[in-house]
> 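My questions all concern the structure below.
Each ligand, and each atom within it, is numbered from 1 in the order the structure gives. All values below come from the heavy atoms of this structure, side chains included, with hydrogens, waters and symmetry mates left out.
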Amino acid sequence: MCGIVGIVGNSSVNQAIYDGLTVLQHRGQDAAGIITINNHTFSLRKDNGLVKDVFHTRHMKRLQGNMGIGHVRYPTAGSSSSAEAQPFYVNSPFGISLAHNGNLTNAEQLKEELFSVARRHVNTTSDSEVLLNVLAHEIALTEKLTLDPEDIFKAVTAVNNKAVGGYAAIAMIIGQGMLAFRDPNGIRPLVFGKRDSSKGTEYMFASESVALDSCGFEFIRDVAPGESIFVSNDGQLFSQQCSEHASYSPCIFEFVYFARPDSTLDNVSVYAARVNMGTKLGEKVAKDWADKDIDVVIPIPETSCDIALEMATVLNIPYRQGFVKNRYIGRTFIMPGQEMRKKSVRQKLNAIGREFKGKNVLLVDDSIVRGTTSAQIVEMARESGAKNVYFASAAPEIRFPNVYGIDMPSVTELIAHGREVEDINESIGADGLIFQSLPDLIEAVAKENPEIKTFETSVFDGHYVAGDIDQAYLNRINDLRNDSAKSDNEQAMSSGLELHNQDSVD
Ligand SMILES: O=P(O)(O)OC[C@H]1O[C@H](OP(=O)(O)OP(=O)(O)O)[C@H](O)[C@@H]1O
Ligand SMILES: NC(=O)CC[C@H](N)C(=O)O
Ligand SMILES: [Mg+2]
């Protein structure tokens, strides 16, 4: 999952973009980038690292201009080379840059078509560079020097007809303006808001509403699935539905894990959805585990805290923060490579012995994906003297790869793949394990916005809403992106492809 922001302002936007990216850091910890337009020229700074490490004062000073976009990256395609950090840039037509959250599932085919039909070269292995070139090609077909909103919308309609997968994107076109668009299923989130200044209205696009809050922008609404919004250079906003097949199927994992609880996505408060997950799971525990004498409910910080607190209320059992989280360690699930993820759990979480000693504890997490966290946490609870360690997951068993922007390409790395609850319980070493059912999870989220009839739930049920996924594709991404293949790729890439990122050299 990546985080994207874009601002069309009336004064310098560099600091607001930086601030917006900082509150979206939980969506991507690998790389960050900002590109601005000043006097018809792009200024770009992108590199591997956290926002606070990538942008120094000297970079911020160079990022001048009243319009800009930013990106924090969690790679799902290509490599983690800094050349694949975003935003991407193409010089023709006009000069276009783009930041993308999501994953295209037909990127290889589009890349071939771009070369054979448009003679466009894509220099990296990133699907986002492909998306930018498809957009650029469609805009070039207008053959005009000044674009009308209709030209932009026609180009986005063509992109929507060609690109398959999950994408929320923000692009800037020199001399024309900024556009934002979302795939026809609305898999990845995208919101926009406004701020009034003495010189007129300023607009901001972002992956999550929390970025608008922190930058002082007032939430307007979500970008609809298949919709495109264009803000012209002179600050006028236009919008149009650019897909005939648009329908809401947002990724349910945003609500389980990815998004911040203080965000509202697709009119669903992430916090409220998580509380509902806690209610449902609490009721299930009360029903199925009436025989278990649980003394205390303990969350596995940070994402599961709201869920666990609600479960404790439903069960009428004390809630205790039995693990302390090291605030300087990021999210472990989105770290690259299993070694790093494994090591980070112990660095990140430490048990408070007295909350475990001699007790029957119920540990609660939002999800169990590879089992990296749960296995170690159960061990820590035992080391701290727990009598019995029970485990509850607010998401159902994750058995299928994700292809729309979450880096879970390999079924064999998923702890629930080919295993039933008993076997998973044995793998994590707990005395009992319970999962939320998929209908209950869907109900927990849908309760907040009954207008959403379907969610993207492929990791739980193997149904891929954007279509076009067959076993051959899944085998290919497994071969390309399983942990050991990725580490081989990184080594091969480390010396190349720094073509358009000379700025990373101090
Ligand atoms: O089964 P696993 O492969 O370990 O993945 C699941 C765990 O990873 C996530 O936590 P993470 O540390 O990324 O972030 P958090 O602090 O927001 O909970 C998630 O909240 C689970 O705890
Ligand atoms: N997680 C994402 O949204 C990733 C975006 C894009 N596919 C990349 O790998 O850079
Ligand atoms: Mg967690």
Side-chain angles (χ1 to χ4, degrees), residues 1-4 24-31 33 46 71-81 83-88 98-105 107 124-132 165-169 187-189 207 251 253-254 256-261 274 299-308 323 325-327 329-336 338 341-342 344-345 347-349 363-378 391 393-395 397-398 402-409 413-416 424 427-428 459 477 481 483 486:
M1 205 64 48
C2 299
I4 55 176
L24 294 181
Q25 189 79 78
H26 60 283
R27 299 182 67 84
Q29 301 168 165
D30 277 45
K46 60 178 184 175
H71 189 269
V72 284
R73 183 172 191 229
Y74 159 56
T76 60
S79 76
S80 16
S81 151
E84 299 197 19
Q86 299 192 35
F88 275 103
L98 175 135
H100 164 222
N101 169 209
N103 194 58
L104 301 189
T105 54
T124 68
T125 46
S126 164
D127 60 323
S128 308
E129 194 184 3
V130 171
L131 181 64
L132 168 59
Y167 49 94
I187 298 175
R188 302 270 66 98
S207 297
C251 170
F253 212 61
E254 288 280 349
V256 170
Y257 167 69
F258 268 104
R260 261 176 59 148
R274 286 193 189 144
I300 298 172
E302 183 168 346
T303 300
S304 71
C305 293
D306 302 323
I307 301 166
F323 292 102
K325 176 177 170 273
N326 179 341
R327 69 183 70 211
I329 304 284
R331 298 184 111 180
T332 50
F333 172 69
I334 60 173
M335 286 176 181
Q338 186 59 6
R341 289 191 285 261
K342 212 167 156 185
S344 299
V345 173
Q347 288 179 337
K348 177 170 164 169
L349 299 169
L363 305 182
V364 178
D365 211 345
D366 52 271
S367 57
I368 301 176
V369 185
R370 300 178 180 92
T372 322
T373 310
S374 41
Q376 292 189 71
I377 289 291
V378 170
F391 204 103
S393 163
E397 299 91 313
I398 292 175
N402 188 286
V403 298
Y404 299 133
I406 307 175
D407 197 33
M408 287 167 20
E413 288 165 12
L414 304 174
I415 195 169
I424 307 167
S427 304
I428 66 168
V459 295
I477 58 159
R481 293 199 61 79
D483 272 337
K486 258 188 287 183

> Can you check side-chain contact (heavy atoms from CB on, under 4.5 Å) on Tyr257 and Val369, steps first, answer last?
CA-CA 11 Å; Tyr257 167 69; Val369 185; over 6 Å; no
> Atom 5 (C) of ligand 2: which protein heavy atom is closest, and how many Å away?
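Closest protein heavy atom to atom 5 (C) of ligand 2: Gly102 O, 3.2 Å.
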> If hydrogens are left out, which of Met408, Lys325, Lys348, His26 has an atom nearest to atom 14 (O) of ligand 1, that is, the closest non-hydrogen atom?
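When every heavy atom of Met408, Lys325, Lys348, His26 is considered, Lys348 comes closest to atom 14 (O) of ligand 1.
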> As an exercise, identify every atom of ligand 2 less than 4.0 angstrom from a heavy atom of Tyr74.
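Close to Tyr74: 1 (N), 2 (C), 4 (C).
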> Can you list the atoms of ligand 2 that are under 4.0 Å from a heavy atom of Asn101?
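Per the distance check, 2 (C), 3 (O).
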> Please check this pair: side chain of His71 against backbone of His100, looking for a donor-acceptor N/O pair closer than 3.5 Å.
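Answer holds: yes.
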> Under 4.0 Å from any heavy atom of His100, which atoms of ligand 2 are there?
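The list of qualifying atoms is 5 (C).
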> Quick one: nearest non-hydrogen protein atom to atom 9 (C) of ligand 1, plus distance?
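Nearest neighbour among protein heavy atoms for atom 9 (C) of ligand 1, to 0.1 Å: Tyr257 CE1, 3.3 Å.
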> Determine, using heavy atoms of Gly78 and all atoms of ligand 2, whether some pair is separated by less than 4.0 Å.
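Contact check Gly78 vs ligand 2: negative.
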> Taking Glu254 first and then Arg188, would you say they form a salt bridge - that is, a charged N and a carboxylate O separated by under 4.0 Å?
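Counted as a salt bridge, because a side-chain N and a carboxylate O are separated by less than 4.0 Å.
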> Identify the protein heavy atom lying closest to atom 8 (O) of ligand 1, giving its residue, its atom name and the separation to 0.1 Å.
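Result: Phe333 CB, 3.3 Å.
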> Is it the side chain, the backbone, both or neither of Cys2 that has a heavy atom closer than 4.0 Å to ligand 2?
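For Cys2, backbone and side-chain atoms both sit under 4.0 Å from ligand 2.
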> For atom 17 (O) of ligand 1, which of Ile415, Ile300, Thr303 has the closest heavy atom?
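Looking at heavy atoms only, Thr303 sits closest to atom 17 (O) of ligand 1.
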> Please confirm whether Ser374 comes within less than 3.5 Å of ligand 1 when only nitrogen or oxygen atoms on both sides are compared.
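Among all N and O atoms of Ser374, none is under 3.5 Å from an N or O of ligand 1.
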> How does Asp366 reach ligand 1, if at all, at less than 4.0 Å between non-hydrogen atoms: by side chain, backbone, both, or neither?
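Just the side chain.
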> Regarding atom 18 (O) of ligand 1: of the candidates Gln29, Glu302, Glu413, Arg331, which has the closest heavy atom?
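Of the listed residues, Glu302 has the closest heavy atom.
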> Between Arg73 (side chain only) and Asp30 (backbone N and O only), is there a donor and an acceptor less than 3.5 Å apart?
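Not at all, since once roles are kept as given, no pair shorter than 3.5 Å links the two residues.
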> Within a distance under 4.0 Å of any heavy atom of Gln86, pick out the atoms of ligand 2 and give their elements.
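Those of ligand 2 that fall under 4.0 Å from Gln86 are 5 (C), 6 (C), 8 (C), 10 (O).
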> Would you call Leu24 and Ser207 a side-chain contact if the rule is heavy atoms closer than 4.5 Å?
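They are in side-chain contact.
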> Could you tell me whether some N/O pair between Arg73 and ligand 2 is separated by less than 3.5 angstrom?
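Checking ligand 2 against Arg73, an N or O pair does fall under 3.5 Å apart.
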> Between Asn101, Asn103, Asp407, which is the residue that forms a side-chain hydrogen bond (donor to acceptor under 3.5 Å, both in side chains) with Thr76?
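Among the candidates, only Asn103 passes.
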> Test your reading of the structure: does Ser126 have an N or O sitting under 3.5 Å from an N or O of ligand 2?
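So ligand 2 has no N or O lying under 3.5 Å from an N or O of Ser126.
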> Taking the side chain as everything from C-beta on, heavy atoms only, tell me whether Asn402 gets closer than 4.5 Å to Phe253.
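Not touching, per the 4.5 Å side-chain cut-off.
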> Could you list the atoms of ligand 2 found under 4.0 angstrom from a heavy atom of Asn103?
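Selected atoms, number and element: 7 (N).
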> Go through ligand 2 atom by atom and flag the ones less than 4.0 Å from a non-hydrogen atom of Ala77.
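Going through ligand 2 atom by atom, the ones under 4.0 Å from Ala77 are 9 (O).
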> Out of the candidates Asp365, Val256, Asp366, only one should pair with Thr303 under the side chain to side chain contact (heavy atoms under 4.5 Å, CB included) rule; please name it.
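Per the side chain to side chain contact (heavy atoms under 4.5 Å, CB included) rule, the option paired with Thr303 is Asp366, out of Asp365, Val256, Asp366.
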> Under the side chain to side chain contact (heavy atoms under 4.5 Å, CB included) test against Val403, which residue among Ile187, Thr105, Leu104, Val459 passes?
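Going through Ile187, Thr105, Leu104, Val459 one by one, the side chain to side chain contact (heavy atoms under 4.5 Å, CB included) with Val403 is satisfied by Thr105 alone.
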> Crowded around Gln338 CD? As in, over 12 foreign heavy atoms under 6.0 Å?
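Yes, enclosed.
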> Checking the side chain of Lys325 only, and the main-chain atoms of Lys348 only, is there a donor and an acceptor separated by less than 3.5 Å?
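Answer holds: no.
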> May I ask you to decide if Met408's main-chain N or O and Glu413's side chain share a donor-acceptor pair within less than 3.5 Å?
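No, because the side chain of Glu413 does not come within donor-acceptor range (under 3.5 Å) of the backbone of Met408.
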> List every atom of ligand 2 that sits less than 4.0 Å from any heavy atom of Gly405, numbering the atoms from 1 in the order shown and giving each element.
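Checking each atom against Gly405, I get 1 (N).
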> On a heavy-atom basis, I'd like to know which of Ile334, Val364, Asp365 is closest to atom 22 (O) of ligand 1.
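The residue whose heavy atom sits nearest atom 22 (O) of ligand 1 is Asp365.
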> N/O to N/O below 3.5 Å, does that happen between His71 and ligand 2?
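No, no N or O pair falls under 3.5 Å.
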> I need the contact type for Asp127 against ligand 2. Using non-hydrogen atoms and a strict under-4.0 Å cut-off, is it side chain, backbone, both or neither?
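Looking at Asp127 and ligand 2, just side chain atoms fall under 4.0 Å.
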> Under a 4.0 angstrom heavy-atom cut-off, which atoms of ligand 2 come close to Pro75?
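Numbered from 1, ligand 2 contributes 9 (O).
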> Please say whether Gly371 places an N or O atom under 3.5 Å from an N or O atom belonging to ligand 1.
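Yes - when backbone and side-chain N and O of Gly371 are compared with those of ligand 1, one distance drops under 3.5 Å.
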